[in-house]
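Chain naming here is simple, since letters A, B, ... match the order of the sequence lines and numbering starts at 1 in each. Predicted, not measured: the structure shown is a model, and the values here were computed from it.
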2 protein chains.
Amino acid sequence: MVTLKDISREVGLSVTQVSRALGGHADVNRDTRDKVQRMATRLGYRPNAIARSLKTGRSGIIAMIVAGSRDPQANAHLFEIVMGLSAEISALGLQFVLHVGQTGADTTQLHADLYRSGGIDGFVLIGPAPDDPRIACLLRLGAPFIVHGRDPAQSHAFVDIDNFAVGETMADHLLHLGHRDIAFLNGPESEFFALERRRGVAAAFAKHGVTPDPALTLSIPMTEPNGRTNTLRLLDAARPPTAIIAGNTMLARGVYQATESRGLNVPRDLSILAHDDGLELFASESFDPPLGGTVAHLTTAWVTLSADLKQIIAGQDDPFHTRVLDLTFTKGLSACAI
Amino acid sequence: MVTLKDISREVGLSVTQVSRALGGHADVNRDTRDKVQRMATRLGYRPNAIARSLKTGRSGIIAMIVAGSRDPQANAHLFEIVMGLSAEISALGLQFVLHVGQTGADTTQLHADLYRSGGIDGFVLIGPAPDDPRIACLLRLGAPFIVHGRDPAQSHAFVDIDNFAVGETMADHLLHLGHRDIAFLNGPESEFFALERRRGVAAAFAKHGVTPDPALTLSIPMTEPNGRTNTLRLLDAARPPTAIIAGNTMLARGVYQATESRGLNVPRDLSILAHDDGLELFASESFDPPLGGTVAHLTTAWVTLSADLKQIIAGQDDPFHTRVLDLTFTKGLSACAI
DNA sequence: CGCTAATTCCGAAACGTTTCGGACGCAACC
DNA sequence: GGTTGCGTCCGAAACGTTTCGGAATTAGCG
């Protein structure tokens, strides 16, 4: 390993000055700076990240810890998130590492251990539960972190979308089209975003003076198979829905599959709207007919999320960074008047 | 952050002795050891991983760097690998980090940079290409690493299976059953394992005095959709195969889908064998009828792989650790005599 | 009592980096 | 000529840990 000392010996300067030269400080002569830089590249010098971290107290490493899942689609989705985040964070000159815990493991302790043993500057949390113990733990430790989504019970930095509006917008659109029997394939209502969406849907119903059938709102993990089987079940019911709102494009894919296997036409026999996170694997343009619904690209979330986290790590976090991103709505061709 | 100095001040000992007490060294009194340990837990001491790494030159971190893929199944598969590896490595008291590069990025430089800037003890490589530049790079740097699979062009530590036997065993079984028109959905023959399997299949054909139809061997990424579409194409050919060998349970899933959509009976109309890596998401027991073929669980690969890598890092790597794991064969109910 | 040996402890150095507080030489200024 | 200021440079300390080489105390033994 080639160190600053090697360079300093070679060019006949002190370690201090070599460090300052490479660090781009002011009080070093142009010529010596060039000389040092040339020697550094000639020797193939790479600053030792460990030593630098020890001195500065910063490692430049941002971690995300997840418990693996048994569900292939959940994993594929997670992996897409990881890739988006990773790209954004390395664009900021930081390192992103993913730590996969055992399936179903409690990652709270892992967060704490990893932080307290140094070497991690901050964390990204996704899919917060109500009263999420990870958030409580990181707050207690004073560790920098940011959440995608939010836990209303605790005050912390987050990047989120307006999930109330997600539910309200789509339900309102369908109600305007005359639909009354509207099924809602919601995400797991153990998470805050799903509760918000349900509230939004309820608000739209109330606005139109319609009382929704509670049996038509389902709280399920948002995967393709879940979308398919639950849609089939709904269609087999005594009074099948005329429209379906899906929380996700993966769910929507399942809904489309169900209509196809039943020989139904979208949107004539069944209107479909879904919230689109902009996942590449389930792009709304790949649906036939084109899928309508609310849109909020995750990729835009990653850029503000990582930028905010960087600031938090730098220490300018006095008012908590809380961002609610914009939402758009596309009509698509998957919903029509009844 | 609570350090050794804090403990030493509290119990009235030197930092040295506190370190030795916690490290479990011999020359420290029973009583003082206990006293130190109690104080350490009382203060919530966690050794600083950075400082320890700097001194010992070991971080206990093993990294795997992958370029993300656009293919959801490839990602899900990769994620399953990551989870298996991660579990095994943390069981050894080491840390596993996954570094996801940009899709299609050259990870060679990333390996080099990460290693030369310290902080990474060793690497796990998967899916080696012929003359893999990552292997060449790590060999040049003298970095500890181990490969799942192998690159015959370079000498390195690896854990692999006998892929020649994979091809030979399954082809031999089908030939014994009287099949002659045997299709082989092989993995990408840009990788060594696929070439070996093809050689094995060819050897079995030669043993039976049969000359195979080259048009029946396909070199394709091993995913479900690829299995489905290519099987359909094969079945539509002038002389459709009576049996199919799939390189993978994901491919096999696609083959099953194709037979189903054509209304064919397995194994009466089409015999199917596949190599089974023991992936949970595509478990052979979940096939109907039960899938036959060669079996080699990846999970067993991870335990020897991580144990070997640990030894390599410790420095006992004089003879390269090269392991070829056992293979079994299950008949299943997916293949019958013609 | 003097010698050795065992037990228990500690100071200091080291890992590679950053940074604080100065030092040195030299020009400019009153 | 003394003071100030500027441009370059450097020694030393620090981050928290491990470890080498001893030192101090006690016990055993002739």
Starting at [atom1] of [X] and ending at [atom2] of [N], how long is that distance when rounded to a whole Å?
X       : N      : atom1 : atom2 : answer
A:Leu54 : D:dT18 : CG    : P     : 12 Å
B:Arg58 : D:dT18 : CZ    : P     : 14 Å
B:Asn48 : D:dC15 : CG    : P     : 12 Å
A:Lys5  : C:dT18 : NZ    : P     : 15 Å
A:Arg46 : C:dT17 : CZ    : P     : 12 Å
A:Asp6  : C:dC15 : CG    : P     : 11 Å
B:Arg52 : D:dC15 : CZ    : C1'   : 16 Å
A:Lys55 : D:dA14 : NZ    : C1'   : 5 Å

- Minimum-distance pair of heavy atoms, taken over all atoms of B:Ser306 and B:Ile89: CB-CG1, 3.7 Å
When we call it a touch if two heavy atoms are under 4.0 Å apart, what does [X] touch: a base, just sugar-phosphate, or nothing?
X       : result
A:Thr32 : sugar-phosphate
B:Ser19 : base
A:Ile50 : nothing
A:Asp27 : base

Counting only side-chain heavy atoms from C-beta out, which of [options] sits nearest to [X]?
X       : options                : result
B:Ser14 : C:dT17, C:dC10, D:dC10 : C:dC10
A:Leu13 : D:dT17, D:dC9, C:dC9   : D:dC9
A:Asn29 : D:dT8, D:dT18, C:dT17  : D:dT8
A:Thr56 : D:dT19, D:dT17, C:dT18 : C:dT18
B:Leu4  : C:dC10, D:dT17, C:dT17 : D:dT17

- Item | Salt-bridge contact B:Asp308-B:Arg323 (side-chain N to carboxylate O under 4.0 Å) | yes
- Query: Roughly how far, to the nearest 0.5 Å, is CG of B:Asp34 from CD of B:Gln37?
  - Reply: 6.5 Å
- Task: Could you go through the side-chain contact (heavy atoms from CB on, under 4.5 Å) check for A:Leu309 and A:Val124 one step at a time?
- Result: CA-CA 8 Å; A:Leu309 180 53; A:Val124 175; 3.8 Å; yes
- Message: Is there, by distance only and without an angle test, a donor paired with an acceptor across the side chain of A:Thr16 and the base of C:dT19 below 3.5 Å?
- Response: yes
- So, does B:His25 use its side chain to make a donor-acceptor pair with the main chain of B:Ala21 at under 3.5 Å? no
